[in-house]
Amino acid sequence: MEKISVWSDLELIGEKLGYPIYLFRDGYCAKSMECENQTAIAVVRKLPRSGKLQIFTVASDFPQTQFEVLAVSSFSEECDDAWNFQKALLQVLNGCKLDDSRLARVFLTEGKNADVQKYVREYPYLAAIEIACFLRNPNLRDKVVKDWLLWHAKHVQTPFADGKTYFIFNASKIVASLKIELLGWFIQTFLKEFFGTDVFAETEHALLKRCLDLGRVDLVNIYLTELKLLNGFYGLCGGDVFGLMQAASVKNPKVAAWYANEYLPKTTRNA
């Protein structure tokens, strides 16, 4: 770590260490966001075109005015995902909620497993636009996603919006974004949660679209088997899903063979 004796040293230290650099409460700066059991309270970079310094801080008592000699700006029209990610991670490590949707999206999309896990435990009610970012994050282990879904499924009595729980309200968004490897587990674990609700049809449609677009008739079979346990017959419930299945059959021979040889014969017998 480098000690800042006067604030005008900051630019020299930045050139020496390379940007971004992280600032700590005791006047030290370092290349690491976490150093000597401390978490940085500000991050500094040099703006690529103007050469000016830009600071982002999560500490309300941080002496930003002392940086005026360096033309430091706390806000800038220039923003990029890499800088937004630095700002987001700094907030998360300082225990703050990401109220800026741009920061939340880039953090949930690119954050490391441990950081995202900690964040969704503390702030499990992600905004609708953030759900897909979280569920599609390639860095996350399946357990983090499963634990998040199981937590919400346990809170079935907690109202969220329009009289629905968070899980039910976002069911179609969840299945539309969930990793395909987790869809079978999701169906077998949660189908009964949203079966019979007023979001069931749209959730079924989103689920089938994911599976059929990828030719995963094995997942559709899992869904139909679980659905039969709930409604007592083999077949789909949503009225508009038949057109979806027929369209998928035209595009994918595997889906067409399954539709003609498995699905239709069974539904005909049930009728």
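The NZ atom of K179 lies 12.0 Å from the CZ atom of R136; values are rounded to the nearest 0.5 Å. Remark: L191 CG to L229 CG distance equals 9.0 Å, nearest 0.5 Å. If you take CD1 on I131 and CG on L178, they are separated by 11.5 Å, rounding to the nearest 0.5 Å. With values rounded to the nearest 0.5 angstrom, I222 atom CD1 is found 8.5 Å from C211 atom SG. To the nearest 0.5 Å, atoms CZ (F56) and CD (Q86) are separated by 11.0 Å. Taking CD of E110 as the reference point, atom CG of N84 lies at 9.5 Å (rounded to 0.5 Å).
The shortest distance between side-chain heavy atoms of H152 and N170 does not fall below 4.5 Å. Between E130 and L98, the closest side-chain pair of non-hydrogen atoms is not below 4.5 Å. Side chains of T189 and L149 form no contact here, defined as non-hydrogen atoms less than 4.5 Å apart. L108 has its side chain out of reach of N137: every pair of non-hydrogen atoms, C-beta onward, lies at least 4.5 Å apart. Between L89 and D115 the shortest side-chain heavy-atom distance falls below 4.5 Å. The closest side-chain heavy-atom distance from Y119 to K97 is below 4.5 Å. Residues L207 and L183 meet the side-chain proximity criterion, which asks for heavy atoms closer than 4.5 Å. Residues K254 and W258 form no side-chain contact, since every pair of their non-hydrogen atoms from C-beta on lies 4.5 Å or further apart.
I129 and F169 fall into different hydrophobic clusters, where Ile, Leu, Val, Met, Phe, Trp and Tyr side chains are chained together by heavy-atom contacts under 4.5 Å.
The heavy-atom pair separating Y234 from L224 by the smallest distance is OH-CD1, 3.2 Å. Taking all atoms of both residues into account, the shortest heavy-atom contact from F167 to A153 is CD1-N, 4.3 Å. The minimum heavy-atom distance linking S249 with A256 is given by the pair O-CB, 3.3 Å. The two atoms that bring E202 and S172 nearest to each other are OE1-OG, 3.3 Å, heavy atoms only. For the residue pair D80 and R45, the shortest heavy atom distance occurs at OD2-NH1, 2.9 Å. Minimum interatomic distance between W148 and L126 (heavy atoms only, all atoms of both residues): CZ2-CD1, 4.0 Å.
More than 12 heavy atoms of other residues, nucleotides or ligands sit less than 6.0 Å from atom NZ of K146.
Not a single donor-acceptor pair under 3.5 Å links the side chain of H205 to the backbone N or O of L244. Side chain of T267 to backbone of L264: a donor-acceptor contact under 3.5 angstrom is found. In this structure a side-chain-to-backbone donor-acceptor pair under 3.5 Å is present from K31 to G18.
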> How far apart are the C-alpha atoms of V58 and Q91, what are their side-chain angles, what is the distance that settles it, and do they pass the side chain to side chain contact (heavy atoms under 4.5 Å, CB included) test?
Replying inline: CA-CA 6 Å; V58 293; Q91 283 193 342; 3.4 Å; yes
>> One pair to check against side chain to side chain contact (heavy atoms under 4.5 Å, CB included): Y263 and V217. What are the steps and the verdict?
In response: CA-CA 10 Å; Y263 182 77; V217 293; over 6 Å; no
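The side chain to side chain contact (heavy atoms under 4.5 Å, CB included) test with L23 singles out one residue from T57, V43, I55, and that residue is I55. Tested against L212 for a side chain to side chain contact (heavy atoms under 4.5 Å, CB included), the candidates L219, N252, V255 yield a single pass: V255.
For D218, the salt bridge (Lys or Arg N to Asp or Glu O under 4.0 Å) partners are R216, not counting sequence neighbours.
Classified by interplanar angle (parallel below 30°, tilted 30° to 60°, perpendicular above 60°), the ring pair F85/F107 is parallel.
Salt bridge present: D213 and K209 bring a charged side-chain N and a carboxylate O closer than 4.0 Å.
Under the 6.0 Å cut-off for aromatic ring centres, W151 and Y125 qualify, their centroids lying closer than that.
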